[in-house]
Amino acid sequence: MKYIVGNWKSNQNLTQSFLWLDDLIALKPKITPDKKVILCLPFTDIATFNQKLNESGLPIEVAAQNVSHMAPGKHTGEINAQMLSELVSYCIVGHHERRADFAETSDVVATKASFLLENSITPIICLDKPYLDQQIKSLFTQGVEVSKCIFVYEPASAIGTGNSIDPKDANHVAHQISFLTDYLSPVLYGGSVSPDNIKSYMDEPNISGVLVGTDSLNPTLFADIINAT
Ligand code: PEP
């Protein structure tokens with residue numbers, strides 16, 4: 001199975017998301033059974049976008065980009081895993097932007113992953129080299145079943161910069177992540193993936209897919225990435 005995960009970040013209101021979907025439907029991307037296409041949306045789009053997606057018949061799954069590290073209760077403004085469980089089967093945690101801009105620690109990321117798994121949602125856990133060992137250690141310490149997670153190697157220097165890294169280097173780190181997680185989970189690469197470089201990552205033996213930010217916002221580029229996989 002090859003994973004193509006789009007991450008819209010804090011972009012696209014519902015109206016814009018509908019226009020995006022109309023364009024993607026018209027492009028007829030080739031989503032064969034060996035490809036799993038997952039689109040991580042803002043919370044505000046998830047439910048209504050999913051209805052429209054189901055009507056279109058496109059085999060794409062919607063997902064979330066974040067979840068609360070707290071159990072349901074008195075936490076104003078938080079969206080917890082139990083709430084998400086009626087809407088999505090996947091959720092990103094530990095994205096570099098959340099670690100950098102919201103000071104998320106490896107322990108918080110592990111707590112989020114635990115809540116997601118308790119609610120039958122697959123965590124898509126982003127990792128980078130400075131905290132690779134520490135991040136994975138926190139998962140084991142908190143008893144997260146790593147076999148039920150998807151991992152993504154995302155070098156900070158490559159996120160949103162156009163400076164994708166050498167596929168061989170990405171493959172090397174992907175192997176390191178597989179080794180540290182007992183070879184039980186898919187490992188993806190993320191960082192300036194585009195239609196021009198997608199194949200070079202997919203050809204690497206330890207890389208099971210990609211996480212795409214910028215180019216997932218453009219339906220033509222996202223369709224090209226799906227088709228080139
Ligand atoms: C991302 O959002 O995780 C990402 C990799 O973004 P970009 O594709 O823009 O580098």
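First listed ligand is number 1; within each ligand, the first listed atom is number 1. By convention here, the first residue in the shown sequence is residue 1.
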(message) Any side-chain to backbone donor/acceptor pair from D169 onto D166? Under 3.5 Å, distance only.
(response) no

(message) Within ligand 1, which atoms have a heavy atom of K9 less than 4.0 Å away?
(response) 1 (C), 2 (O), 6 (O)

(request) Would you please name every residue forming a salt bridge (charged side-chain N to carboxylate O under 4.0 Å, His left out) with K199, sequence neighbours left out? (result) D203

(message) So, regarding G160 and ligand 1 (criterion: nitrogen or oxygen to nitrogen or oxygen, under 3.5 Å), is there a contact or not?
(response) yes

(message) Looking at S216 and G213, would you say the former's side chain and the latter's main chain have a donor-acceptor pair under 3.5 Å?
(response) yes

(request) May I ask you to list the atoms of ligand 1 that are less than 4.0 angstrom from any heavy atom of I159? (result) 4 (C), 6 (O), 10 (O)

(request) Would you mind listing which atoms of ligand 1 come within a distance below 4.0 Å of any non-hydrogen atom of E154? (result) 1 (C), 3 (O), 4 (C), 5 (C)

(request) May I ask you to check whether S138 and D107 show a side-chain donor-acceptor distance below 3.5 Å? (result) yes

(request) With heavy atoms under 4.0 Å as the rule, classify the contact between A158 and ligand 1 as side chain, backbone, both or neither. (result) backbone

N/O donor to acceptor pairs below 3.5 angstrom from side-chain atoms of residues 87-95, sequence neighbours left out:
from	atom 1	to	atom 2	distance (Å)
H95	ND1	E97	N	2.9
H95	NE2	E154	OE1	3.3

(message) Need the ligand 1 atom indices (1-based, order shown) with element for anything under 4.0 Å from a heavy-atom of L211.
(response) 3 (O), 5 (C)

(message) Tell me whether D215 has any N or O atom under 3.5 angstrom from an N or O of ligand 1.
(response) no

(message) Give me the nearest non-hydrogen protein atom to atom 8 (O) of ligand 1 as residue plus atom name, then the distance to 0.1 Å.
(response) G213 N, 2.8 Å

(request) Output yes when a side-chain donor or acceptor of N197 lies under 3.5 Å from a complementary backbone atom of P167, and no otherwise. (result) no

(message) Within the 4.0 Å heavy-atom shell around G191, which atoms of ligand 1 are there?
(response) 5 (C), 10 (O)

(request) Give a yes or no on this: more than 12 heavy atoms of other residues, nucleotides or ligands lie within 6.0 Å of atom NE2 of H172. (result) no

(message) Between ligand 1 and H95, is the shortest N or O to N or O distance under 3.5 Å?
(response) yes

(message) Polar contacts were defined as any N/O atom of the residue lying under 3.5 Å from an N/O atom of the ligand; does this apply to T161 and ligand 1?
(response) no

(request) Using side chain to side chain contact (heavy atoms under 4.5 Å, CB included) as the criterion, point out the one residue from D224, T229, V212, I4 that pairs with I198. (result) T229

(request) Of the side chain and backbone of T214, name the one, both, or neither that has a heavy atom under 4.0 Å from an atom of ligand 1. (result) both

